[in-house]
Amino acid sequence: MLIDSAIKARKSLGPGERRLSRLLLFAEDIIKVPLFRCQRCGECILSSTAFICSQNCPKRMRNGPCGGTGESGSCEVFPDRKCVWYRIYVRSRRLHRVRLLFQRNRPHNWNLEATSAWLNVLRKRTEPPRWFLWNEKERLRASGPDDTE
Amino acid sequence: MVLMTLNEKINSDRFIVCGELRPPQSCNGDLVRDQARHFKGFVDALNTTDNQTATVRMSSIASAAILLEEGIEPIIQMTCRDRNRLAMQSDLLGAAALGVHNVLCLTGDHQSIGDQPEARGVFDLDSIQLIAAVATMNRGFLLSGKEMKKAPSFLIGGGANPFGEPFEMRLIRLEKKIAAGARFIQTQPVFNLSVFTRWMERVVDMGLDRRAAILAGVMAVRSAKTLQWMKARVPGTRIQDEHIVRLDHARDPEREGVSMAVETIQALRSIKGVRGIHIMPTMWESITPTIIREAGLPVTQ
């Protein structure tokens, strides 16, 4: 359970890993920064946020929008922009991935900022991404409570 | 009469009335006491805000300690803007030691809308993670995994904005908050009853009203100017122009403000799933007794 993972000691990068992480991060940045405006948090949740980087939120929300979104889904801090989570929800619906928004993301490990998220997954420092919803049943559930409307 | 705590009231089927107190922008504790007296006997518990709209005010926990002296049960609000997880845990331990047992976990307004926009925002946790953290503490553990000799027993609350877009995402977040351990939910002030009713129907459909007590926000204002200020400056509030016009054109705006609040309360009481209300008299604390009496709500003491 996620609450339990919060009370487990969280590993950080070992001294021998820094160089490997930098190397992988270089490759990762080339792909993720231009494509997803990746903020390099090191704990990638892109797969559950319909491939929009939630860390572009001024409050760095990892679990959905704050209460300040405007009437048309505008950001509290930059009213001329759409809330990142508004865009995530709209695209999640289109991609039938709404179900993934129900999963709770644990507190961010700030030690992993600007480290390779791929390496962190391989070394089991973060949870693996969920790229695909495998079967039809799961896909239907993922379409969320609202698609019947 | 044996006094019930908010926790017990939530477990019973009573209609719950919460208030909200603004700590002063100074160290004058008497201002807290003065405000508190308007609520005493009329509310089940009183929120103390935590640097609301990102402006510096007396700490919510200190204000709550004053409320305890006054014999009012406090609900401390805790935002993620000003503290990291270490400070939040230590503040919560301190609050529990002082006898505060209710905490409303909020993400908090962004510092850029406040009066010191150059400040660094923390946002180490978000409100859902904070709720989960308090739940972990209730089970006797700090976030480090260290077991405490004495565990706090907080009644955890969360906020909800039924009027934010997208509508469905709001429900997802509500579900996550309740799953993380929130036992009561206080909503943004309700002005648009039709949207709120639609939201509440979905909440009941999802069975969330049985897992947490939904307390609907009611705002009482004395002038159209206050409403306009709220609309422009306070994120997350949805105030329709018709309310501003109604107050603006009223011969006696204060009277109109009271009847607006009373009408809202009466409408809310008939909505299925609403377990109580959360009154926010913005800069008008003294009106609380009048509103409670006119709305026909039971006076607690």
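Owing to the predicted nature of the structure, the values given are computational and were not obtained by experimental measurement.
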Side chain to side chain, [X] and [Y], heavy atoms closer than 4.5 Å:
X	Y	value
B:M169	A:Y86	no
A:H108	B:F123	no
B:I128	A:N105	no
B:I172	A:Y89	yes
A:P65	B:R170	yes

What verdict does the side-chain contact (heavy atoms from CB on, under 4.5 Å) test give for A:T69 and B:E165, after you've listed the backbone C-alpha separation in whole Å, the side-chain angles of each residue and the deciding distance to 0.1 Å? CA-CA 7 Å; A:T69 30; B:E165 286 296 324; 6.0 Å; no
Working to the nearest 0.5 angstrom, can you tell me the gap between B:D126 CG and A:R62 CZ?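 That separation rounds to 9.0 Å.
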To the closest 0.5 Å, what do you measure between SG (A:C75) and NE2 (B:H110)?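 These two atoms lie 8.0 Å from each other.
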Most heavy-atom pairs under 4.5 angstrom with chain A, which of B:A133, B:C80, B:P166, B:G159?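 Top option by heavy-atom pairs under 4.5 Å: B:P166.
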Distance-minimising heavy-atom pair for A:G67 and B:N161: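 The answer is O-ND2, 2.9 Å.
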Grab the two heavy atoms, one from A:G68 and one from B:P235, that are nearest each other, plus how far apart they are.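 Where A:G68 meets B:P235 most closely, the heavy atoms are CA-CB, 3.9 Å.
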Backbone of [Y] reached by a side-chain donor or acceptor of [X] within 3.5 Å:
X	Y	result
A:K59	B:G108	yes
B:Q129	A:R106	yes
B:R173	A:N63	yes
B:E175	A:F102	no
B:K176	A:L101	yes

Counting only heavy atoms closer than 4.5 Å, note whether B:D205 contacts chain A via side chain, backbone, both or neither.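 The answer is neither part of B:D205.
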Around atom CZ of B:R233, are there more than 12 heavy atoms of other residues, nucleotides or ligands at under 6.0 Å?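 Result for CZ/B:R233: open.
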